Number of protein chains: 2
Amino acid sequence: MNGGQARPTIKTICAMTGLSTATVSKALRQSPEVRPETRAIVEEAARKVGYSTNLHGVQLRTGKTYQVAILMTTPTSDLVEWEGVEYAQLLSGISHAMEGTRYRVALYPIRDYNEAQDTVRRIIRNRLADGVIFSGTRPDDGRVRLLQEADFPFVTYGTTEAHAPHAFVDSDNEGIVRTAMQRLFDRGHRRIALINPGEHLSYGRTRLATYQDMLKSAGIDYDPALVAHGILTPGFGREQVMIMHALKDPPTAYICANEASALGALSGFAACGLVHGRDAVINATDDLNVSAYFTPPLTTFYLPITRPAELLGRHILKVMAGEPPERLQTLLMPDLIERSDDRLRTIERP
Amino acid sequence: MNGGQARPTIKTICAMTGLSTATVSKALRQSPEVRPETRAIVEEAARKVGYSTNLHGVQLRTGKTYQVAILMTTPTSDLVEWEGVEYAQLLSGISHAMEGTRYRVALYPIRDYNEAQDTVRRIIRNRLADGVIFSGTRPDDGRVRLLQEADFPFVTYGTTEAHAPHAFVDSDNEGIVRTAMQRLFDRGHRRIALINPGEHLSYGRTRLATYQDMLKSAGIDYDPALVAHGILTPGFGREQVMIMHALKDPPTAYICANEASALGALSGFAACGLVHGRDAVINATDDLNVSAYFTPPLTTFYLPITRPAELLGRHILKVMAGEPPERLQTLLMPDLIERSDDRLRTIERP
DNA sequence: ATCAAAAATATAAACGTTTACATTTGCCAA
DNA sequence: TTGGCAAATGTAAACGTTTATATTTTTGAT
């Protein structure tokens with residue numbers, strides 16, 4: 001499998017140069033303890049035989065794994081829907097941020113929150129990685145607790161509330177909802193629906209709290225019937241539109257927390273005979289710029305997912321290098337892309 | 001970081017049981033050389049201290065990495081579009097197939113074909129993994145060549161032509177296009193457009209060849225203006241519809257190779273004032289069941305991506321175990337889901 | 001030239017596992 | 001009892017690296 005000759009090791013270079021393993025090892029790592037001339041000799045020899053360090057030796061000796069574990073939420077049922085599609089770009093962004101380092105991204109598929117905690121425990125206990133990245137944070141998050149107790153490097157995609165400061169990246173959900181609501185108020189809307197993720201998720205909570213806050217300052221009563229919590233698939237978006245449209249006083253605007261549920265909401269419009277822009281409007285948050293291709297295109301808060309992804313990668317490298325997490329907290333505000341005017345049309349109702 | 005006491009090793013168990021490292025090692029691996037009673041003692045001790053094997057030791061000693069490298073195509077430009085979104089599910093499916101084994105999925109982000117080849121070379125040379133999985137195969141594929149020369153285990157998502165047999169998983173593109181074309185013929189269509197991936201890709205070639213074949217047997221002349229090759233983003237689908245609709249004799253049906261381009265095609269319909277079902281129809285291939293939520297829902301060939309994904313994982317495990325690749329070649333035929341009747345409406349044209 | 005101190009290099013052990021080989025144990029037939 | 005053999009266990013080396021410590025070399029002041 002390797003064409004005959006074994007892979008060169010430090011000993012190969014020792015034999016070539018007459019130096020000791022210690023010196024060669026140090027030279028290869030640019031240690032100031034070795035003379036520049038010596039280092040040059042070592043580097044030349046290394047180049048000649050095509051030496052590259054065997055990570056397994058390093059890992060065993062140092063205990064470092066040079067792996068960053070990414071907990072990847074995977075579909076819970078056989079029914080595959082358009083969920084978590086932005087994960088691919090997230091992973092590639094993180095991987096790119098790792099280029100040029102020894103670190104590799106290792107995937108840990110998890111089905112739910114409990115499995116995620118078990119996996120985190122296993123990673124800590126068996127030191128399967130040097131750092132962990134995960135998303136879907138909760139205000140009081142068991143994974144954060146475990147990692148902080150173990151003093152284990154990690155970065156979350158999403159915020160928490162009940163914990164000591166830790167590194168995170170998130171989109172500015174408060175800013176998004178605030179801006180979206182104000183814009184809809186300005187255009188005459190008073191019945192605004194919120195299509196939200198599961199209640200336990202931080203970003204859902206943030207969105208809801210901001211939503212309630214904005215209603216209050218506009219003097220509008222909070223109506224729980226206009227808020228839906230669930231897994232943000234197209235199916236969910238569609239279903240919620242159909243439910244809410246059947247209300248006595250249906251919403252005239254929908255704020256969807258992702259592009260998938262927004263697509264489903266549009267599908268629900270079609271199913272109910274609603275016309276977007278006439279009967280009601282939909283606003284979305286979009287990581288993939290896909291809502292530009294919906295019919296009709298939607299007004300959206302667009303944050304290319306590569307941006308948070310790269311930040312997650314850069315942050316975890318810094319956390320692993322020992323940088324204090326307080327400085328590694330980033331909120332990103334998406335761009336508002338207005339693709340429809342979204343003004344409230346006065347509709348005659350019985 | 002580890003709460004004081006060091007992680008238990010084989011030596012820990014030796015100390016507890018009075019056995020030698022060799023015996024303990026063998027006992028832990030269920031070797032028949034050790035008496036069942038002895039093994040029981042070892043297992044009990046292991047359980048007690050919560051022993052788990054340190055992979056780094058194994059890796060160094062055996063040379064195995066217990067990593068499966070996945071070459072992940074990542075966006076080439078800053079413009080993030082809805083491309084490669086099914087990758088997330090692909091990764092999670094593969095990871096799930098690995099559960100219960102020592103193997104982990106490690107991600108190698110690559111920007112293009114050349115980088116993929118370099119990465120493959122590096123993986124082989126430095127033995128960064130025990131197996132490789134990649135997609136986007138070409139009829140004569142440099143990566144396949146490299147891996148076969150090195151006798152390195154791999155599975156492709158997609159077929160090749162110019163190589164010795166190797167393990168692969170793919171959807172039955174010939175079957176898809178054949179069925180789709182026949183169905184459209186049956187419904188009166190004669191001007192059928194093909195929205196295809198890049199020409200160099202195997203599955204694009206297969207689709208085109210089948211397309212031409214079907215045209216021929218139906219006695220219809222091949223018109224290159226009805227075939228588009230490109231990166232299958234929504235933007236591409238939209239653009240191609242707009243171009244083809246401007247033809248003297250525009251298509252009455254579009255066959256899109258994925259859900260993203262189909263969404264874009266629908267968007268193109270809206271932009272041109274075309275009505276789906278009246279002026280023309282769109283058929284798609286869909287890994288994510290998302291075209292059910294388009295407006296209108298599209299007729300589609302649906303293969304939940306988890307199926308090929310799990311197969312890729314199972315196949316690579318078998319290839320690494322030494323099973324001959326001839327038996328590890330799977331073509332999957334998606335289900336045809338008819339969401340519109342797609343009959344040709346006679347349209348008055350000037 | 002001598003010597004101490006500093007700089008550079010060498011020695012050897014260690015990380016945790018597997019495995020070739022050696023040794024011991026248990027068993028059975030003679 | 002002895003010898004022989006198979007089964008079970010033990011010994012020790014090896015995988016490739018890093019690093020504490022020891023040794024050698026160089027430097028510079030005297």
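Letters A, B, ... are given to chains in the order of the sequence lines, protein chains preceding strands, and every chain is numbered from 1. Here the structure is a predicted model, which is why all the values come from computation and not from measurement.
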Just N and O in the side chain of B:Thr23: are any of them under 4.0 Å from OP1 or OP2 of D:dG10? yes
Considering residues, nucleotides and ligands other than A:Arg121, do more than 12 of their heavy atoms fall under 6.0 Å from its CZ? yes
State which residue, out of B:Thr330, B:Ile94, B:Leu317, B:Leu312, fulfils the side chain to side chain contact (heavy atoms under 4.5 Å, CB included) condition with B:Val155. B:Leu312
Need one value for B:Leu55: base, sugar-phosphate or nothing, where a base atom within 4.0 Å counts as base even if backbone is also close, heavy atoms only. nothing
In whole angstroms, the gap separating C1' of D:dT17 from CZ of A:Arg29 amounts to 8 Å
Does C:dT9 have its OP1 or OP2 closer than 4.0 Å to a side-chain nitrogen or oxygen of A:Arg35? yes
So B:Thr21, base contact, sugar-phosphate only, or nothing? Heavy-atom distance under 4.0 Å. base
Does a side-chain N or O of A:Thr38 approach OP1 or OP2 of C:dA8 to a distance below 4.0 Å, or not? no
At under 4.0 Å between heavy atoms, what does B:Thr9 touch on the DNA or RNA strands: base, sugar-phosphate, or nothing? sugar-phosphate
Any donor-acceptor pair under 3.5 Å between the side chain of B:Arg61 and the base of D:dA14? yes
Presence of B:Ser25 side-chain N/O under 4.0 Å of C:dT17 phosphate oxygens OP1/OP2: no
OP1 or OP2 of C:dT17 under 4.0 Å from side-chain N/O of B:Tyr66: no
Roughly, in whole Å, what's the span from NZ in A:Lys26 to C1' in D:dT18? 9 Å
Using a distance-only test with no angle check, is there a side-chain donor-acceptor pair under 3.5 angstrom linking A:Asn126 and B:Ser52? yes
Spacing of A:Arg127 atom CZ relative to C:dG16 atom C1', expressed in whole Å: 15 Å
Side chains of B:Ser92 and B:Ser95: donor-acceptor distance under 3.5 Å anywhere? no
Whole-Å distance between C:dC15 C1' and B:Lys11 NZ? 9 Å
Quick check: on DNA chain C, is the nucleotide nearest B:Glu33 upstream (toward 5') of the one nearest B:Thr62, or the reverse? Name the residue that is more 5'. B:Thr62
Taking C:dT18, D:dT17, C:dT9 as options, the one with an atom nearest any side-chain atom of A:Val58 is D:dT17
Using atom CD1 of B:Ile10 as one end and atom C1' of D:dT11 as the other, report the distance to the nearest whole Å. 15 Å
Nearest whole angstrom, please: distance from the C1' of D:dT25 to the CG of A:Leu19. 14 Å
Could you say whether B:Leu60 or A:Ala22 is positioned toward the 5' end of DNA chain D, judged by the nucleotide with the nearest heavy atom to each? B:Leu60
Do side-chain atoms of A:Asp130 reach the backbone of A:Tyr66 as a donor and acceptor pair under 3.5 angstrom? yes
Given atom CD of B:Gln30 and atom C1' of D:dA8, what is their separation to the nearest angstrom? 17 Å
Provide, to the nearest angstrom, the distance between the CD atom belonging to B:Gln59 and the P atom belonging to C:dC15. 18 Å
